[in-house]
Amino acid sequence: CKTIAAQCLDVNENKVSFESDEKSKLPCYTYKCGRYTVSVTKQGGYIKSILYSGVIHENSLSEENAVAIAQDFLDNLGYTDMRESYYNTENNICTVNFAYCKNDVYCYSDLIKCGVSLEDGKIVSLDSATYLTNHITRDAFSPKMKMKEAQKLVSPYLTVNSSKKCVIPKENGAEVQCYEFDCTSKDTGEDTLVYINCDNGNEEDIMLLLHTDEGTLVK
């Protein structure tokens, strides 16, 4: 695990020191290297988290560059088939939210957040706990209704801009196969995500997209 932590930070192993033995739901060994803290899972040796305690003073990279850097970093860690959902910038750190995506089906139970410094492009945060505790091999996406049929069930007060196939988690721990429709309100101009159950046509969830100068948030 110490070797994995050093490789993750791209430093010599002798610069990494043992910090603690984390006996949580996802048991890890935690290591320190300068201002970095890295947690590595005991089972499988996966990077669960990275935290940088320093301050990022400047902003010289674009968010698009940050997304590409984060994507490459996840690929190198072995977190493949992750696609960016949205990002938000705060304190010169661009935090990119990724969801697992296979065969163009987005699995919103399997999420990873990755923070990139806009000063120099270094990775300053990572949280893959949600992915590690939820990622499984799922049955193939097998809808009982077509996407065009489901789109007709979206509120007539919304204009559909785009659509996706996805799997969303429910509060009871179950997962539901849905069509995701990215919509705009005809009355207010607000953007929303509407999730229609692809088996029975029920509206499973609706979320508001908040667009700011720092990026996009989902509420």
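Numbers for residues simply follow the sequence, beginning at 1. Note that the coordinates shown come from a computational prediction; the quantities given were computed from them, not determined experimentally.
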>> I need the full list of side-chain hydrogen bond (donor to acceptor under 3.5 Å, both in side chains) pairs touching residues 17-28, with sequence neighbours left out, sorted by first then second residue.
In response: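 Sorted pair list: D21-K42, E22-S24, E22-K48.
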
[X] versus [Y]: any side-chain heavy-atom pair under 4.5 Å?
X    : Y    : value
K113 : Y87  : no
N161 : T184 : yes
V194 : E203 : yes
L193 : L209 : yes
C28  : Q43  : no
I47  : I4   : yes
F73  : I50  : yes
V167 : V176 : no

I'd like to know if the side chain of [X] reaches the main chain of [Y], judged simply by a donor and an acceptor atom lying under 3.5 Å from each other, with no hydrogens or angles considered.
X    : Y    : result
Q71  : M82  : yes
S128 : Y131 : no
N91  : I93  : no
S60  : E119 : yes

[X] and [Y]: which non-hydrogen atoms are nearest, and at how many Å?
X    : Y    : result
L118 : C94  : CD2-CB, 3.9 Å
C183 : L158 : CB-CB, 3.9 Å
V40  : A5   : CG2-CB, 4.0 Å
C1   : T41  : SG-O, 3.7 Å
S109 : T130 : O-CG2, 3.3 Å
A66  : V116 : O-CG2, 3.6 Å

> Do any pairs count as a salt bridge (Lys or Arg N to Asp or Glu O under 4.0 Å) and have a residue in residues 158-167, sequence neighbours left out, and if so which ones?
Replying inline: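 Residue pairs with at least one partner in residues 158-167: K164-E180.
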
Does [X] share a hydrophobic cluster with [Y], counting links as ILVMFWY side-chain heavy atoms below 4.5 Å and allowing steps through other members?
X    : Y    : answer
I206 : I196 : yes
L126 : V11  : yes
L51  : L77  : no
F181 : Y106 : no
I168 : V105 : no

> Counting only heavy atoms not in Y46, do more than 12 sit closer than 6.0 Å to its OH atom?
Replying inline: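 It does not: Y46 OH has 12 such atoms or fewer within range.
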
> Got a sec: does the CG of N200 have more than 12 other heavy atoms crowding it under 6.0 Å?
Replying inline: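 Counting other residues, nucleotides and ligands, CG of N200 exceeds 12 neighbours.
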
>> Could you go through S39 and Y29, starting from their C-alpha distance and side-chain angles, then the distance that decides it, and tell me whether this counts as side chain to side chain donor-acceptor pair (under 3.5 Å)?
In response: CA-CA 6 Å; S39 292; Y29 292 119; over 6 Å; no

> Given L74, which of D81, I69, I112 fulfils the side-chain contact (heavy atoms from CB on, under 4.5 Å) condition?
Replying inline: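 Answer after filtering D81, I69, I112: I112.
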
> Hey, mind stepping through S85 and N97 against side chain to side chain donor-acceptor pair (under 3.5 Å) and telling me if it holds?
Replying inline: CA-CA 6 Å; S85 295; N97 292 263; over 6 Å; no

>> Working note: V160 + D182, criterion side chain to side chain contact (heavy atoms under 4.5 Å, CB included); need CA distance, chi angles, decisive distance, verdict.
In response: CA-CA 6 Å; V160 175; D182 185 329; over 6 Å; no

Quick one: [atom1] on [X] to [atom2] on [Y], what's the gap to the nearest 0.5 Å?
X    : Y    : atom1 : atom2 : answer
Y36  : C8   : OH    : SG    : 9.0 Å
C178 : Y195 : SG    : OH    : 8.5 Å
D191 : M207 : CG    : CE    : 14.0 Å
E204 : N202 : CD    : CG    : 6.0 Å
T3   : Y31  : OG1   : OH    : 8.0 Å
D10  : N76  : CG    : CG    : 10.0 Å

Output side-chain donor-acceptor pairs under 3.5 Å for residues 139-155, partner residues at least two apart or in another chain, one line each.
{"residue": "E149", "atom": "OE1", "partner": "K146", "partner atom": "N", "Å": "2.7"}
{"residue": "S155", "atom": "OG", "partner": "Y157", "partner atom": "N", "Å": "3.1"}

> Should K102 and D110 count as an ion pair when the cut-off is N to O under 4.0 Å?
Replying inline: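 Between D110 and K102 there is no salt bridge, as every charged N stays at least 4.0 Å from the carboxylate O atoms.
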
> After noting the C-alpha distance and the side-chain angles of Y52 and S125, does the key distance pass the side chain to side chain contact (heavy atoms under 4.5 Å, CB included) rule?
Replying inline: CA-CA 6 Å; Y52 176 72; S125 69; over 6 Å; no

> Yes or no on side chain to side chain contact (heavy atoms under 4.5 Å, CB included) for E190 and L208, after CA distance, side-chain angles and deciding distance?
Replying inline: CA-CA 8 Å; E190 293 179 304; L208 186 64; 4.0 Å; yes

> Step by step, would you call C198 with Y179 a side chain to side chain contact (heavy atoms under 4.5 Å, CB included)?
Replying inline: CA-CA 6 Å; C198 62; Y179 293 120; 3.4 Å; yes

